[in-house]
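Inspection log for the structure reproduced underneath, given as structure tokens.
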Amino acid sequence: KELIDFYLNNGDLLTQNDIVTGALRTIGFWLLKVLTTVADACRQLYDITFGLIDFTTWPKINTFIENFKPVFVALMAISIFALGIMLIANHEKKPKIAINICIACLCVTCSAVVFQQLNTAVLDAKAGIDSVTEDTATGNVYDIIGNNMMDIYYLDQQIGLSNINYEENENKLPHPKMTSQRMNVMDYAEVMDPDSDNYNFNDDAAEDILTQMIITGGDGSSYDIGEIYDGVAWTSVGNNFYYRYKIDYLPVILEMLSIIVLYIAMAYKCTRLAFELVFARLLAYLYSAELSGGQKIAKILVFIRDTYILLFVTTLCIKLFYFFTAYIDELAMNSLLEAAIILFIAFSVIDGPNLVEKLLGMDAGLKSSTARMMAVYKAGSGAAHRAMHTAAAPARMAARYGMQRYMMNRQATATSEAVRNAMDGDRGAAGFMDSEHGQEDNTDGKSAVAGDPQSHGNQNDYTGQERSETGYD
């Protein structure tokens with residue numbers, strides 16, 4: 001009775017081996033390893049693109065900006081000339097000359113140092129956020145597999161095999177730690193043979209559990225215990241032992257796909273922001289020569305500040321994604337619902353917080369970029385369709401010409417057949433008429449013989465001959 005209850009409560013956890021299932025497990029786990037490798041590569045891509053902000057202080061960029069010093073001097077001279085005219089013509093309007101001069105000195109002499117300090121601050125902030133580790137919030141893609149996998153041997157070492165109740169405590173059971181090294185050596189089709197020296201079970205009932213299985217009774221409502229087949233002869237070939245591992249594939253795959261899309265989107269965003277920062281530094285260098293106004297350089301400096309804040313927000317969004325998924329894992333729900341919620345979270349992170357957009361006036365996600373990519377995709381698909389249409393024009397013309405020739409040949413053949421049939425009909429009619437005339441001629445000939453006197457004479461002679469032969473005169 002206890003074994004029957006154990007098998008009923010852990011039916012989803014205990015899966016028996018067979019050839020087809022073993023092959024499918026091997027193929028499925030290999031595909032999962034490929035997907036995990038891609039997700040880990042995308043995570044590294046995000047880390048690399050985030051570090052592209054150091055491009056703003058690259059020595060070659062510093063040299064490139066310094067090459068604009070003659071342009072800066074020319075703009076400064078023009079600005080001073082315009083400032084003098086402004087003060088002479090409208091002396092009541094006094095621009096903030098001292099502030100503008102300080103900004104110009106800062107942009108010309110200290111821009112490289114200021115950008116270096118800002119880069120260091122953002123990178124340190126990212127490292128601090130990444131150091132926070134709570135369950136799946138570590139940012140390790142291999143932990144996604146670990147938190148959706150059950151290892152029966154690991155459960156035996158932790159709580160004892162007979163104490164497992166997967167039906168009631170699915171979300172409370174301990175999960176093994178997954179790493180790239182363990183995933184490379186792990187065999188998802190591994191079966192647990194109690195007699196093997198590879199296992200040292202802590203639970204005394206482990207051998208009974210792993211060597212028996214539940215079967216249905218003859219009445220259709222009761223259950224019984226049967227023995228597990230351990231293989232052909234002295235080998236383990238064809239055994240139906242229980243598999244050691246169980247992975248909930250649906251949430252793992254959807255979460256991996258979400259991670260891939262999320263990291264690619266954020267990597268593109270970081271690359272775009274790094275480009276914007278370099279361009280903003282160059283424009284700040286040039287617009288700092290404007291001493292009469294100062295509004296444009298102020299907008300450029302505010303843009304630089306908001307761009308660094310936006311870089312920090314991308315890291316924060318990714319960390320909140322991992323926290324959100326860790327929270328979802330703790331809730332007792334169907335794996336399909338869990339996967340759907342994870343997709344919603346990923347889309348929300350990619351879309352970006354609306355509050356950041358309202359505060360900074362900049363898109364923290366990929367709203368504009370997604371719309372732009374969709375426009376490019378539609379334009380590209382339209383161009384490809386037109387190109388294919390143009391390339392297929394000669395083939396269509398040739399096919400149309402071939403069809404016309406075919407129809408003309410068919411029409412000519414039908415016409416010749418009709419003419420031939422008509423000629424054959426005329427010949428038949430002429431032969432019929434000739435036969436009719438022949439019969440009439442034969443009839444006329446017979447009539448002429450009947451009316452000939454010589455023929456009557458012959459007839460009389462014949463009659464007289466008969467009379468002489470019979471003796472009558």
Side-chain angles (χ1 to χ4, degrees), residues 35-53 122-123 125-148 250-276 306-331 333 335-374 377:
L35 191 63
T36 306
T37 303
V38 174
D40 189 54
C42 292
R43 180 189 62 81
Q44 296 177 15
L45 175 66
Y46 168 73
D47 292 336
I48 293 173
T49 54
F50 193 91
L52 290 179
I53 56 174
V122 173
L123 291 173
K126 180 180 181 299
I129 293 176
D130 292 340
S131 63
V132 179
T133 57
E134 289 291 338
D135 295 334
T136 58
T138 57
N140 186 357
V141 295
Y142 295 98
D143 287 339
I144 297 175
I145 299 177
N147 287 289
N148 291 277
L250 183 59
V252 170
I253 292 176
L254 290 181
E255 192 168 349
M256 286 291 179
L257 294 176
S258 302
I259 288 293
I260 291 172
V261 176
L262 176 63
Y263 276 127
I264 290 177
M266 291 304 170
Y268 169 76
K269 191 68 177 180
C270 291
T271 305
R272 180 64 184 267
L273 292 177
F275 170 78
E276 296 283 357
D306 293 343
T307 302
Y308 277 102
I309 294 175
L310 202 57
L311 278 170
F312 174 76
V313 169
T314 59
T315 302
L316 192 61
C317 288
I318 292 177
K319 181 56 66 173
L320 288 177
F321 171 80
Y322 282 110
F323 272 113
F324 218 143
T325 53
Y327 172 72
I328 296 300
D329 287 338
E330 293 181 357
L331 300 178
M333 65 175 64
S335 60
L336 181 60
L337 300 178
E338 180 181 345
I341 294 176
I342 290 173
L343 280 179
F344 296 155
I345 299 170
F347 292 152
S348 300
V349 173
I350 293 173
D351 198 31
N354 292 329
L355 181 60
V356 174
E357 185 176 0
K358 292 180 180 179
L359 292 177
L360 302 181
M362 301 172 66
D363 182 15
L366 289 179
K367 294 178 183 177
S368 59
S369 301
T370 303
R372 190 180 300 110
M373 286 188 290
M374 290 297 296
Y377 168 75

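Only heavy atoms go into these numbers, but all of them, side chains included; no hydrogens, no water, no symmetry mates. The first residue of the sequence shown is numbered 1, and numbering continues consecutively from there.
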So how far is it from [X] [atom1] to [Y] [atom2], rounded to the nearest 0.5 Å?
X	Y	atom1	atom2	answer
Phe321	Ile342	CZ	CD1	6.5 Å
Thr307	Ile53	OG1	CD1	11.5 Å
Met266	Asp47	CE	CG	13.5 Å
Leu35	Leu257	CG	CG	5.5 Å
Ile259	Leu254	CD1	CG	12.0 Å
Thr36	Ile145	OG1	CD1	3.0 Å

> Where do Thr49 and Tyr263 land on the side chain to side chain donor-acceptor pair (under 3.5 Å) test, with the steps shown first?
Replying inline: CA-CA 10 Å; Thr49 54; Tyr263 276 127; over 6 Å; no
>> As a quick check of understanding, evaluate side-chain contact (heavy atoms from CB on, under 4.5 Å) for Ile144 and Thr325, giving each step before the final call.
In response: CA-CA 9 Å; Ile144 297 175; Thr325 53; over 6 Å; no
State, to 0.1 Å, how close [X] and [Y] come at their nearest heavy-atom pair, and which atoms those are.
X	Y	answer
Ala339	Pro251	CB-CA, 4.0 Å
Tyr322	Val141	OH-CG1, 4.4 Å
Leu52	Ala274	O-CB, 3.8 Å
Asp130	Lys319	O-NZ, 4.0 Å

> Between Ile129 and Ile318, does a side-chain contact (heavy atoms from CB on, under 4.5 Å) hold up when you go through it step by step?
Replying inline: CA-CA 10 Å; Ile129 293 176; Ile318 292 177; over 6 Å; no
>> Could you walk me through whether Lys269 and Leu310 satisfy the side-chain contact (heavy atoms from CB on, under 4.5 Å) test, starting with their C-alpha distance in whole Å, then the side-chain angles of each, then the deciding distance to 0.1 Å, before giving a yes or no?
In response: CA-CA 9 Å; Lys269 191 68 177 180; Leu310 202 57; 4.1 Å; yes
> Among all residues two or more places apart in sequence or in another chain, which pass the salt bridge (Lys or Arg N to Asp or Glu O under 4.0 Å) test with Asp306?
Replying inline: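 With sequence neighbours excluded, Asp306 shows a salt bridge (Lys or Arg N to Asp or Glu O under 4.0 Å) to no residue whatsoever.
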>> Pair Leu320, Phe324 - check side-chain contact (heavy atoms from CB on, under 4.5 Å), show working.
In response: CA-CA 6 Å; Leu320 288 177; Phe324 218 143; over 6 Å; no
> Side chains of Phe347 and Val261: does their closest heavy-atom pair fall under 4.5 Å?
Replying inline: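 With C-beta onward as the side chain, the pair stays apart.
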>> According to side chain to side chain donor-acceptor pair (under 3.5 Å), who are the partners of Asp40, at least two apart in sequence or on a separate chain?
In response: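 Side chain to side chain donor-acceptor pair (under 3.5 Å) check on Asp40 returns Arg43, Gln44.
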